[in-house]
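Working notes, structure below.
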Number of protein chains: 4
Amino acid sequence: MSSTAKSGRQPVASKKATASKTGKTAKPGVREQNAQATRDSILRAATKVFAKHGYDGGSVEKISTAAKSYDRMIYYYFGSKEGLYIEVLEGIYRRMNEAESRLALDVAQPLEALRAVIRFVLDYYRKHPEFITLLNTENLHKGKHIAKSLRAREYSSPAIAILGEIMQNGVAQKLFRDDLQTRDVYLLIASLGYFYLSNRYTLSAFLGDNLEAPDALAHWEGFVLDTVLRTVTR
Amino acid sequence: MSSTAKSGRQPVASKKATASKTGKTAKPGVREQNAQATRDSILRAATKVFAKHGYDGGSVEKISTAAKSYDRMIYYYFGSKEGLYIEVLEGIYRRMNEAESRLALDVAQPLEALRAVIRFVLDYYRKHPEFITLLNTENLHKGKHIAKSLRAREYSSPAIAILGEIMQNGVAQKLFRDDLQTRDVYLLIASLGYFYLSNRYTLSAFLGDNLEAPDALAHWEGFVLDTVLRTVTR
Amino acid sequence: MSSTAKSGRQPVASKKATASKTGKTAKPGVREQNAQATRDSILRAATKVFAKHGYDGGSVEKISTAAKSYDRMIYYYFGSKEGLYIEVLEGIYRRMNEAESRLALDVAQPLEALRAVIRFVLDYYRKHPEFITLLNTENLHKGKHIAKSLRAREYSSPAIAILGEIMQNGVAQKLFRDDLQTRDVYLLIASLGYFYLSNRYTLSAFLGDNLEAPDALAHWEGFVLDTVLRTVTR
Amino acid sequence: MSSTAKSGRQPVASKKATASKTGKTAKPGVREQNAQATRDSILRAATKVFAKHGYDGGSVEKISTAAKSYDRMIYYYFGSKEGLYIEVLEGIYRRMNEAESRLALDVAQPLEALRAVIRFVLDYYRKHPEFITLLNTENLHKGKHIAKSLRAREYSSPAIAILGEIMQNGVAQKLFRDDLQTRDVYLLIASLGYFYLSNRYTLSAFLGDNLEAPDALAHWEGFVLDTVLRTVTR
DNA sequence: CATGAATGAGCTTTCATTCAT
DNA sequence: CATGAATGAAAGCTCATTCAT
């Protein structure tokens with residue numbers, strides 16, 4: 001590379017003429033020497049890159065650069081781009097699940113609990129935009145990667161299970177309708193939380209540009225709370 | 001004029017020796033010479049390909065092959081891959097808009113009209129899966145392509161406008177609540193119609209695989225109708 | 001093409017929706033209908049484009065666009081890109097020759113005549129930068145195109161012939177040395193006029209950036225006049 | 001880690017079916033794995049190819065083939081075609097500079113030293129035709145690449161500096177005129193050496209074909225020596 | 001004659017992946 | 001384990017040129 005032209009990676013040579021200060025040139029990366037750290041770093045970088053550019057748009061080089069590592073390491077730790085992508089998917093599911101299980105809910109208070117669940121879902125989507133784009137990307141691919149993961153399936157049930165308990169209690173307390181399926185309520189909440197954020201850019205071209213403004217978000221949360229409760233309660 | 005190089009019908013010659021890099025030889029060989037047909041064919045193919053593979057995954061070659069044309073023609077008619085993609089986006093918006101305007105609604109019957117709108121939206125999404133994946137793709141890119149289109153913006157208002165009229169009538173007839181924004185109702189309907197289909201593959205890994213089954217779709221439609229009406233009516 | 005994205009050529013369609021004011025759309029170019037004009041326009045455009053971008057860098061499309069014509073016309077009138085290039089070369093030689101023959105010299109006044117020739121050469125190079133870059137381009141190609149032109153050769157002798165006469169008179173009048181070849185004097189003048197301008201960009205990186213400033217040019221002209229006369233006179 | 005995609009040694013598979021677009025298969029097959037050698041080989045090949053075909057005419061493929069390497073390596077080491085070209089320019093300047101600094105001159109003998117410099121310049125141009133065509137190419141591009149190189153600028157001053165010393169001594173010894181600028185003398189020498197060779201192909205079409213013959217070169221060297229000395233001495 | 005659509009080879013660049021130390 | 005060099009296919013785009021009205 002020339003001294004001034006921009007380029008991706010700086011390999012060897014180039015500035016050999018300039019008198020190097022350090023005799024031994026210990027620069028190249030301090031030799032990370034920490035397997036787990038390298039692995040995690042790649043995984044984190046990959047989550048970001050895939051979330052931003054999709055599967056095809058997320059190149060191995062972008063990831064390894066973002067992870068301050070090397071392409072080679074991706075193959076070393078994850079076997080292939082696809083393998084890495086699958087682990088990324090597993091990761092976002094796992095973290096979502098963990099966050100949900102940290103929710104301290106009193107299912108004996110179904111109204112409050114339901115409100116808390118709704119708020120949690122909306123909040124989680126807002127704070128984890130990568131969750132949304134990665135799921136969209138995976139759906140573009142018809143879920144073929146997640147299908148290859150055994151682990152991902154484990155993360156499914158808990159979310160529904162909690163909501164099921166709340167519903168049961170609500171029905172028992174005659175607060176909630178008894179003709180609703182937990183799954184539908186789950187989808188209702190997810191739909192309202194997800195779509196608003198997932199499609200905010202194209203919606204902006206439609207409706208005006210305020211969807212992400214704090215008051216707009218608050219307004220939407222109010223609407224969602226109202227709508228779900230109106231649907232669920234008797 | 002030059003003495004040696006004016007004939008104008010020399011048979012190319014020149015670089016025949018060079019090993020040809022590109023394959024894709026032969027083709028029936030009858031120059032079609034039909035501008036509009038070629039253009040349309042490319043646009044149709046591009047819609048399919050981008051819908052299936054996303055922007056990065058949808059290669060120019062895939063498109064030109066599907067259109068039974070040549071890479072070159074894409075640049076001839078659309079200037080660039082991005083230019084083509086933008087026209088694809090404009091197309092799906094336009095068609096959605098046209099379909100909606102073909103809806104014969106009696107806004108004086110707000111309940112019926114609202115039900116019709118809901119059914120239309122759900123139906124349209126179901127019958128046009130490319131609409132969903134293309135919008136998701138565009139949102140992955142933060143709407144940067146649609147932002148470049150002047151045309152796309154025109155297609156926004158009508159959808160909301162119709163719903164607004166229905167709402168107005170409903171309120172006037174004391175059937176609907178008067179504290180709702182049209183926009184929120186629009187988002188409610190769109191969310192419930194969109195998310196269910198958009199995320200059906202990852203949801204399947206979660207909930208079981210029947211989301212696309214006819215009875216599952218019918219059940220969901222029932223739930224959506226019920227939920228929206230419950231939200232909107234007094 | 002999308003409405004906003006930039007592109008080279010605007011073919012068909014695009015703005016069909018917009019109500020066209022002129023019913024018959026007589027726009028596309030007024031149908032030039034003038035063979036010679038088209039031909040000349042292409043030739044002029046080609047001279048500019050080849051002068052600016054060289055032979056390989058000067059694409060047929062750039063030329064036809066600059067000429068407000070069509071690629072096809074280039075083949076119609078010139079047979080090939082090379083044919084057009086050869087005519088361009090012939091043109092710059094011819095015009096140089098014509099300009100030189102318009103010089104009204106009194107060879108009986110050899111000192112004055114020589115000064116006039118020098119000034120003419122320097123002036124011509126300065127006013128016709130395309131002459132320089134086209135010759136450089138042709139020399140890059142080892143003169144293989146000019147070799148194909150019968151006409152070009154005709155333009156050679158006059159330049160030397162005139163200088164020969166001046167030299168002869170100068171020698172006869174005992175003003176000039178008698179041991180010089182006309183050819184060498186010709187090369188001396190050409191070298192000093194050509195190199196300074198031809199290489200002004202790389203020289204600027206070397207010497208500072210004032211080579212094209214009026215006073216710098218004037219200074220150089222003075223130096224050249226002095227040097228040539230010093231060389232030629234006794 | 002994923003259960004299905006971690007092996008890391010899967011034999012590629014995937015897109016085997018797709019008709020491959022690029023040829024250039026096979027190669028002895030023994031990965032060379034020698035960074036500096038590869039880099040140098042590319043740089044050498046690029047110097048030749050750019051010198052022969054210009055910037056636009058010098059394709060990446062021509063270069064990589066001549067270097068017995070791969071297109072990809074050019075981007076690996078030089079970032080882009082332009083980056084490679086800039087390094088090529090830096091190289092020819094550097095080598096010219098080094099050669100000049102190897103000239104053992106006795107500036108106390110200004111006449112001899114000046115003659116040596118002239119002979120060196122003429123000789124260097126003759127032996128390094130790539131120097132000439134590359135500079136011409138760079139000037140066609142208005143020096144925009146060299147302007148991007150920080151390094152290139154360093155190579156400028158020495159050439160002038162040496163000549164300056166000679167001039168100073170010559171003036172001090174009353175051998176040389178004292179009203180001359182070093183820069184002009186430098187340009188005089190360079191012009192006479194450069195133009196003759198740079199334009200030899202078009203000149204041949206003009207003057208006859210013997211410019212490169214040994215005796216023609218010798219004659220020109222004599223003329224240049226005589227002319228410069230005549231200009232410089234009192 | 002002029003216009004514009006079509007063609008296929010070529011271009012620069014980037015991709016995922018593997019080899020060598 | 002880490003590092004970096006190598007590889008070949010494919011990407012998006014442009015080229016000169018020809019066919020069809």
Between C1' of E:dG10 and CD of D:Glu61, the distance in whole Å: 9 Å

Identify, between C:Gly57 and D:Met73, the residue whose nearest nucleotide on DNA chain F lies closer to the 5' end. D:Met73

If you compare every side-chain N and O of D:Thr38 against the phosphate oxygens of F:dA6 (OP1, OP2), does one of them come in below 4.0 Å? yes

How is A:Gly58 classified with respect to the nucleic acid when contacts are heavy atoms under 4.0 Å: base, sugar-phosphate, or nothing? sugar-phosphate

Regarding F:dA2, can its base be found pairing with the side chain of A:Tyr70 as donor and acceptor, where the two atoms are less than 3.5 Å apart? no

Base-pairing assignment for F:dG8 (Watson-Crick or G-U wobble, both under 3.5 Å): E:dC15

Residue D:Tyr76, side-chain atoms from C-beta onward, closest of F:dG4, E:dT17, F:dC1: F:dG4

Nearest-angstrom distance from the residue atom CD1 of C:Ile63 to P of F:dT14: 17 Å

Output the rounded distance in Å from CG (C:Asp56) to P (F:dA16). 9 Å

Which whole-number value in Å describes the distance from D:Gln36 CD to F:dG4 P? 15 Å

Considering all heavy atoms of both residues, which atom of C:Ile63 and which atom of C:Ala45 are nearest to each other, and what is their separation? O-CB, 3.7 Å

Verify side-chain contact (heavy atoms from CB on, under 4.5 Å) between B:His141 and B:Asp56, making sure each step is shown before the conclusion. CA-CA 11 Å; B:His141 294 263; B:Asp56 290 294; 3.8 Å; yes

Judged by each residue's nearest nucleotide on DNA chain E, which is more toward the 5′ side, D:Val60 or A:Tyr55? D:Val60

When both hydrogen-bonding distances must be under 3.5 Å and the geometry is Watson-Crick or G-U wobble, what is F:dA20 paired with, if anything? E:dT3

Distance, rounded to the nearest Å, where C:Tyr75 contributes OH and F:dT17 contributes P: 4 Å

With B:Phe78 as partner, the option from B:Val88, B:Ile86, B:Ile42 fulfilling side-chain contact (heavy atoms from CB on, under 4.5 Å) is B:Ile42

Between B:Phe50 and B:Tyr55, what is the ring plane arrangement, given parallel below 30°, perpendicular above 60°, and tilted in between? parallel

Starting at atom CD1 of B:Ile74, determine the distance to atom C1' of F:dT14, rounded to an integer number of angstrom. 14 Å

What is the separation between atom CG on D:Asp71 and atom P on F:dA10, rounded to the nearest whole Å? 15 Å

OP1 or OP2 of F:dT14 less than 4.0 angstrom from a side-chain nitrogen or oxygen of C:Ser59, does that happen here? no

Would B:Lys148 and B:Glu82 count as a side-chain contact (heavy atoms from CB on, under 4.5 Å) here? Give the steps. CA-CA 10 Å; B:Lys148 291 184 185 170; B:Glu82 193 185 5; 2.5 Å; yes

Return the value, rounded to whole Å, for the distance between atom NZ of B:Lys68 and atom C1' of E:dA5. 19 Å

Between B:Tyr77 and E:dA6, is there a contact of a side-chain N or O with OP1 or OP2 at under 4.0 Å? yes

